[in-house]
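Read the structure below first, then the notes.
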Amino acid sequence: MTVDDCLFCKIVNKEIPSEFLYEDDAFVVFRDINPQAPVHLLIVPKKHIRSINDLTDDDKEIISEIFMVGKKIAKIENVNKSGYKLVFNVEKGGGQVIFHIHLHLIGGWKK
Ligand code: 5GP
Ligand code: ZN
């Protein structure tokens, strides 16, 4: 499912060129344009889902797999041992500004 005016759908569909650190059938991973830490990645399901509030039973696999992708990417980015945050912002009050679900992977701070 795609939403015409969704920025992350456009990135997922390669209508807006972006460098993917990782891609599989269900996800893409790219760097946040405005990083809040030395490593700030966005793990984005290809399926358009507005926010955590909109998850259905059909999305159970996506939401479990997204953490497995996070774990894999943390190792590739070499923050797995030092530690990192995995964050979902949910709706405006929770700081969400892009209404296509995504998991932030944030880390790489100096020890
Ligand atoms: P949210 O606040 O919705 O959880 O996170 C959206 C994130 O997307 C923000 O951290 C913002 O910096 C990032 N972002 C917004 N537009 C773009 C873009 O065009 N490209 C990339 N790579 N990141 C973006
Ligand atoms: Zn979308």
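Just so you know, these numbers come straight off a predicted model, no measurement behind them. Every number for a ligand or one of its atoms is a count from 1 in the order of the listing.
- Within H48, the N, O or S atom lying nearest to the Zn ion (ligand 2) carries the name ND1.
- Under the 4.5 Å side-chain criterion, counting only non-hydrogen atoms from C-beta, E77 is not in contact with L105.
- Heavy-atom separations between F8 and ligand 1 include at least one value shorter than 4.0 Å.
- Below 3.5 Å of separation, one finds an N or O of G95 facing an N or O of ligand 1.
- Remark: minimum distance from atom 7 (C) of ligand 1 to any protein heavy atom is reached at D32 OD2, 3.4 Å.
- Counting heavy atoms from C-beta on, the side chains of E23 and F30 never come closer than 4.5 Å.
- Annotation: side chain of L103 is in contact with side chain of F67 (closest heavy-atom distance under 4.5 Å).
- Residue-level proximity to ligand 1 for F30 is carried by the side chain, the only part with a heavy atom below 4.0 angstrom.
- By heavy-atom distance, the residue among L41, I33, I98 lying nearest atom 17 (C) of ligand 1 is I33.
- For H102, every heavy-atom contact with ligand 1 shorter than 4.0 Å involves the side chain, none the backbone.
- Between H104 and H102, the distance from one ring center to the other falls under 6.0 angstrom.
- With ligand atoms numbered from 1 in the order given, ligand 1 contributes 1 (P), 2 (O), 4 (O) to contacts under 4.0 Å with heavy atoms of N89.
- Here the N, O or S atom of H100 that is nearest to the Zn ion (ligand 2) is ND1.
- Side-chain contact check for K85 versus W109: some heavy-atom pair is nearer than 4.5 Å.
- Here I16 has no heavy atoms under 4.0 Å from ligand 1, in either its backbone or its side chain.
- Residues V69 and Y22 are in side-chain contact: their nearest non-hydrogen atoms beyond the backbone lie under 4.5 Å apart.
- The minimum heavy-atom distance linking P45 with I101 is given by the pair CD-O, 3.2 Å.
- The shortest contact between atom 19 (O) of ligand 1 and any protein heavy atom is with L7 CD2, 3.6 Å.
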